[in-house]
Amino acid sequence: MSQFWKPGTEKPRILDDEEGGVLFFSGTPSSSSGFRYSSIEKQRQRLPVYKYRTAILYLVETHATTIIVGETGSGKTTQIPQYLKEAGWADGGRVIACTQPRRLAVQAVASRVAEEMGVKLGEEVGYTIRFEDLTKPDVTVVKFLTDGVLLREMMDDPLLTKYSAIMIDEAHERSISTDILLGLLKKIQRRRPELRLIISSATIEAKLISAFFQTRKRRGLENEELGLQLEPAILSVEGRGFNVQINYAEEPVPDYVQAAVSTVLLIHEKESWGDILVFLTGQDDIDIAVQLLNEEAQTNGKNTSGLIVMPLYSGLPRAEQELVFSPTPRGKRKVVISTNIAETSLTLEGVVYVVDSGFSKQKFYNPTSDIENLVVAPISRASARQRAGRAGRVRPGKCYRLYTEEYFLNKMPAEGIPEIQRSNLVSCVIQLKALGIDNILGFDWPASPSPEAMIRALEVLYSLGVLDDDAKLTSPAGFQVAEIPLDPLISKMILASNQFGCSEEIITIAAVLSIQSIWISGRGIQKDFDNAKLRFAAAEGDHVTFLNVYKGFLQSGKSSQWCHRNHVNYHAMKKVIEIREQLKRIAQRIGISLKSCDGDMQVIRKAVTAGFFANACRLEAFSHNGMYKTIRGSQEVYIHPSSVLFRVNPKWVIYHSLVSTDRQYMRNVISIDPSWLLEAAPHFYNLQRLKPITH
DNA sequence: GAGCACTGC
């Protein structure tokens, strides 16, 4: 593969690494010439998956579902859609679809495949991700898209009739969208026996997915007469990774950050060239480890000279993130200390050593309190293998696991808990309802969420007026909420803004609330940051503050310098603008007229209340430390110090989300009048419940 | 006066 990027050459481009990760290649491919074409052909034939071309096409022809177990670098993602096209699955106006969990992967794979096929991206080969549709009707026959987009497409075309074959890639990651898709595709298959599914997965999950698609005889008999096997076929394709030697800790380690640092130093001292990738859990761990390593470098220059230490996590400013892709200078060794982002989303070339803490941060959902928490938890054996595999991309590597072999074999779970069993289900339930799946509890899932979580979601949607007594979507509210691609609480707030005449403002707030954060913060610049924020602070709370930031950003002419001066994240603001544009289009489609309330903050707060009434809290009467209690569950909560209402402590507030550390903190808080709760949700807040506290 | 794994529509 002469195309691989070499240290010291010009800045690389993004391309697919055939397993959903992203690599950086250099060298712009020249325009297609005969020579180039044949070299691409040769490259394609060298991929491990090529040997299985005939087998794959035979299995897809004869089986409703084919499961491909493909290891790293097998080429399955880029090749299988092309094989299907070459075999005629795109003839007669039909389309071959291939989904990915992530946007970047969709773009990367699509451009790679277009290049291999010698066509312009957006013509025969195209892709669709949120905000970007690079396909041409009746022209695009191989289409890459995120699972989320395919789910949305089902709202217009529930049987996905234009597709002849759908490949679900990276199914083992078991994202919520993938799981919903698998459930729905199984249903579609019964109605459309001609549809072919290709599901690519890692080994462990393949058995489970196969069992899920195992269809009993049932009404399928006529299909079998047509020569179609209803039992899924499983085909294993070897990868092209190198061997990775696994080393375990002899004893359990008391402190994995310290142990990771020691291991890095040990590798640096004893092992030959090659970069080191360390998996820790979050920003805190990572910053500590980076600091420890840099201190070592200063106090003990001899041992650590030549180490270049870099943190990597998604919250890092983009420029810093890109540093990890810069070539390691000759004679130096790069150490990247990363979260899970390097396990699936990004691929680092040049890594020969992996240090695995055995932990990651994972989301868990408690249906009783209706709270999602992020906690440090042990990873699965599947994750551990994935992490180790990151060491074997350029040559045989080594993985140092900071836990014992006994622990790995006997204590570590074989696979992770699917996301759908760890999440709040309101979005998922409303999506299924919109697709006409009424019996949510009886839906055939690859992994069923707990009944408690489903019931809680139904309750929340009922209290929002989105579902009726029969748990059917209400009209129009339910259908409108389902149409908006946001958390249903936010969507409800948008609907309410129509009545309050403040939709212009509310969709701005909705856009800001649906991204991580619009601020750039950092430990060192805290004071500046607080001061910057004060310039925008609104007495009503964070939501109104967002409006001020947005206004300032527009007035600056969307200037990146303005953002920099004000500690506002420029990329986040660009995203806000994009989401806002999308929401504007959707709002108009579902009959919401865009209207500004011209500074009437009361209606804005009322609209927020209409969506988030369940998150109302009251300041404890004699609280000296700003303790609030939720009205719904009497849970103890505090305003997060990052909120503009921190220390202001209005008597009644509504929060957007909770984060739990040593305390439960409310993030993004707005003050309200308790009487609005009764107006917004009389069924939820009956008088009895409010009376004792409203005096 | 504290701290946000990762995605996605």
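Treat the numbers as computed from the prediction; the structure is a model and nothing was measured. Quick note on labels: first sequence line is chain A, next is B, and so on, each numbered from 1.
- Remark: A:Arg103 is in phosphate contact with B:dC9, judged by side-chain N or O atoms under 4.0 Å from OP1 or OP2.
- Regarding A:Ile286, its CD1 atom lies at a distance of 9 Å from the C1' atom of B:dA5, rounded to whole Å.
- Between A:Arg102 atom CZ and B:dA5 atom P there is a gap of 17 Å when expressed in whole angstrom units.
- In this structure, A:Arg152 places its CZ atom 20 Å from P of B:dT7, rounding to the nearest Å.
- With sequence neighbours left out, the side chain to side chain donor-acceptor pair (under 3.5 Å) criterion links A:Thr508 to A:Arg580.
- Distances shorter than 4.0 Å separate none of the side-chain N or O atoms of A:Ser175 from OP1 or OP2 on B:dT7.
- Scanning for side chain to side chain donor-acceptor pair (under 3.5 Å) contacts around A:Ser423 gives A:Lys363, with sequence neighbours left out.
- Distances were taken from every side-chain heavy atom of A:Leu374 (C-beta onward) to each of B:dA2, B:dA5, B:dG1; the shortest belongs to B:dA5.
- Computed from coordinates, the A:Trp519 CH2 to B:dA2 C1' distance equals 16 Å when rounded to whole Å.
- Within the 4.0 Å cut-off from OP1 or OP2 of B:dC9, not a single side-chain nitrogen or oxygen of A:Ser514 is found.
- A side chain to side chain donor-acceptor pair (under 3.5 Å) with A:Arg102 is found for one member of A:Glu173, A:Gln107, A:Glu170 and no other, namely A:Glu173.
- Atom CD in A:Glu173 sits roughly 11 Å away from atom P in B:dG8 (whole-Å rounding).
- When the side-chain nitrogen and oxygen atoms of A:Ser427 are compared with OP1 and OP2 of B:dC9, none of them lie within a distance under 4.0 Å.
- Residues A:His656 and A:Phe612 bring their aromatic ring centres within 6.0 Å.
- At a threshold of 4.0 angstrom between heavy atoms, the contacts of A:Tyr313 are confined to the sugar-phosphate backbone, with no base atom among them.
- At the heavy-atom level, A:Thr339 lies under 4.0 Å from the strands shown only through sugar-phosphate atoms.
- Looking at which nucleotide of DNA chain B each of A:His640 and A:Gly148 is closest to, the 5′-most match is held by A:His640.
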